[in-house]
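Shown next, in structure tokens, is the structure this report addresses.
Below, all heavy atoms of this structure are taken into account, side chains as well, without hydrogens, waters or symmetry copies. Residue numbers start from 1 in every chain, and the chains themselves are labelled A, B, ... in the order their sequence lines are given, proteins ahead of strands. Small disclaimer: the values here were computed from a predicted structure and weren't measured.
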Amino acid sequence: MLRLLLKYKVWRHDKIHLLLGTRCLSILTSANSLQRPSYEIKDQNKVIDFTVLFSSCSDAASVKRLHALLVVSGKTQTIFVSTRLLNLYAHLGDLSSAYDTFSLMPFKDEYTWNSMISAYVRTGNFTKAMNCFHELTLTSQVQPDWYTFPLVLKACGNLIDGKKLHCWVFKLGFMWDVFIAASLIHMYCRFNAVAAAHYLFENMPFRDSASWNAVISGLCQNGNADEALSIAGEMRLEGMNLDPVTIASILPACVLVGKSLIGMLIHLYVIKHGLEFDLFVSNALINMYAKLGWLEHAQRVFYQMVVRDLVSWNSIISAFEQNNEPAFALLLYNGMQLHGLQPDLLTLVSLASITSQSGHCQNSRSVHGFITRRGWLMEDVIVGNAIVDMYAKLGIIDYARKAFEEIPFKDVISWNTLITCYSQNGFASEAIEIYCMMEAYTDITPNQGTWVSVLPAYSHLGALQQGMKIHGHVIKTHLHSDVFVGTCLVDMYGKCGRLDDAMSLFSEVPRGNSVPWNAIIACHGIHGHGEVALELFDKMLHDGVNPDNVTFLSLLSACSHSGFVGQGYRCFHMMREQYAIKPSLRHYGCMVDLLGRAGQLEKAYEVIKSMPMQPDVSVWGALLGACRIHGNIELGKFASDRLFELDSENVGYYVLLSNIYANVGKWEGVSDVRSLARDRGLKKTPGWSSIEVNNKVNVFYTGNKSHPKCEEIYKELGILTAKIKSLGYIPDSSFVLQDVEEDEKEHILTSHSERLAIAFGLISTVPRSNIRIFKNLRICGDCHNATKFISKVTEREIIVRDSNRFHHFKDGTCSCGDYW
DNA sequence: ATAGGGTTAG
């Protein structure tokens, strides 16, 4: 063995030293395991060149074996050996072993400290890197050197201000070192301190491509793509080529600011300069095409790659996941496993989204379990947030809440995700409660995402006064001109009945994409202002904004609420022919509604028959609703049969059918429907109405008697009913499905939630002021009729927003023209 | 023996 080692010493500069080194190590360790270690090793201490052994260790197991060997031979006492070991662990990413080695060292030199800091920076532990640096400067005799600063500056760039460090670097005279200057420049660019970066950059003795890249990547990471692109232009003017690093940092920035054309040109540059086989460049290209939704291009880049790493796989998987192709994304995930790659934290983030998109609850649980077993929840919030989001999208609120509680260090996005979970699943007041908890119990500053998640909850509840408070907070955080927040505000004012305020906010929001247009068109639609909605659409086209499927949904629904059959047809046609948008179920639902309301029931049925997919409850529901308005028993029966097949438990359809029979005096039909409903033990979505008085939302359920002003409310209702009856109001009991006596039915009608809310509004507000009611379901037909009378006798304008649209009751009429 | 600029995310 000794001879072998001696031979090896001679060959150490040969290319085969790696192979031989490994062989030496295995011989040594097997000798070690023969329980004669002390003799063997003591003898060889002078001979074995450990440097060689170090360079031969490439996997965790051999490093561990070497470590053991060194401990036994007492070698770990020397700074040189332990620092080498520390570096090996750092390269393997084994931070805890690296730290153990570091902390056990009695003496440390510059190499040791730099290696430990480098281990932290490599693994993204920037705070720990800074702490280590502070320990170095405060407690040790060692001075930071010019290997230390690039590392520390990188850590700084990811944390906070680096100005103090700059002074230090300056004082120690390191600033004019090209390496360190580049690090400083990079850090300044990340903090957008362009002047300081520029000063250093201009005064550098010479500039290699890394210095240029320091500027460009710093700007890109700051989202300043325009500046970065112009610097890249200057770089080319100085005769420098864009290298793989430049391209990998500039591509994501291009996408971020919507410069997809430049991205394409860069791809051409890549091909022309033969950079297409660079791993980082290819990965960046995949991500660019993924964000643009050009999946074929992303896939082509992926398949052309010679070497693919975990980032490549993660990128292509997330490309399909983000573009709603969960099945194919899963296929790719399997492919990745076949190639022997272990998923990491980010793979699982994509996987969580994939399982929720495909609606596999069981798989979602598995993903959760996998993450928990690996302990990844402790490593990064992003994983915990992904789990909360996954359960939220599946509608499993309890699990989402539990997953949220499990996150050790929650950030804004954790809170935003939970708020969205509640508001998207129809629990608006819970969403608001979570937002209030965040404000009250944490130091977390709400961001754009917070407003986007909580504002829809206020619009959903119709809580105008509280929503306006949020508007105040939004202005304080300077986010009112953000497209998404601005659109949520437009939506909130529109849905709370303040169409004029919605309009004036709309005029202040940037209108470059369809999002704000869709919101304002939809708002006019639910208020029954079809002609304004159409005008806005023309203006949108005139401004050069491309309509999307949501735009047409808003338009079709606006047309149907205003009875614009011809215009609706025109829009439907335009969507398919001019914009090549395939109509979805909801578009068909709108068309059926449009034709049905206008009395063209046969045509509506024709539309259903022409659908390329299976009609769902919303489509048949639209037809049934239309049959009720126009008293078509035959088609109504047909539609309700389809509905009972799809959703036999929703009471609303039974009510509509019963109402159709009642309107034409077919009482046996009414009683049939009633017994059918009773036999099936129908599930009733509890109806509730709310009214906001003095900044407080009051919620009423049908027959609710728990409100503090309950007695006064029922007294007021009694008086009102008597008054409106004298004006000609006749209760229509076909809206009551319970099998009870006639006078009991009338009592049920008068205690409907919308009427309780109206009565409460009347006694709690000043005479002649408007009353705004919100109802979670569609307003009951009898209540609609009664409210018209109430608006007349009380001389009040009553605005009811139900789940479908706005009803402005004024002087005995309603804006919806009785087609509710 | 240690070092600057790069790709994926809720």
Any chance you could list the contact pattern along nucleotides 3-10 of chain B? Use B for base contacts, S for sugar-phosphate-only contacts and - for none, protein heavy atoms under 4.0 Å, 5' to 3'. BBBBBBBB
Phe302(A) vs Trp313(A), ring-ring contact (aromatic ring centres under 6.0 Å, His included): CA-CA, chis, key distance, verdict: CA-CA 8 Å; Phe302(A) 181 76; Trp313(A) 284 99; 5.0 Å; yes
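- Of the possible donor and acceptor atoms, none in the side chain of Ser82(A) sits under 3.5 Å from a partner among the backbone N and O of Ile79(A).
- Dense packing is recorded around OH of Tyr269(A), with more than 12 heavy atoms of other residues, nucleotides or ligands lying under 6.0 Å away.
- Here the side chains of Thr127(A) and Met130(A) are not in contact, with every heavy-atom distance at 4.5 Å or above.
- Atom OH of Tyr111(A) is separated from atom C1' of dA1(B) by 7 Å (rounded to the nearest Å).
- Ring orientation note: the planes of His267(A) and Tyr289(A) are tilted relative to one another, at an angle of 30° to 60°.
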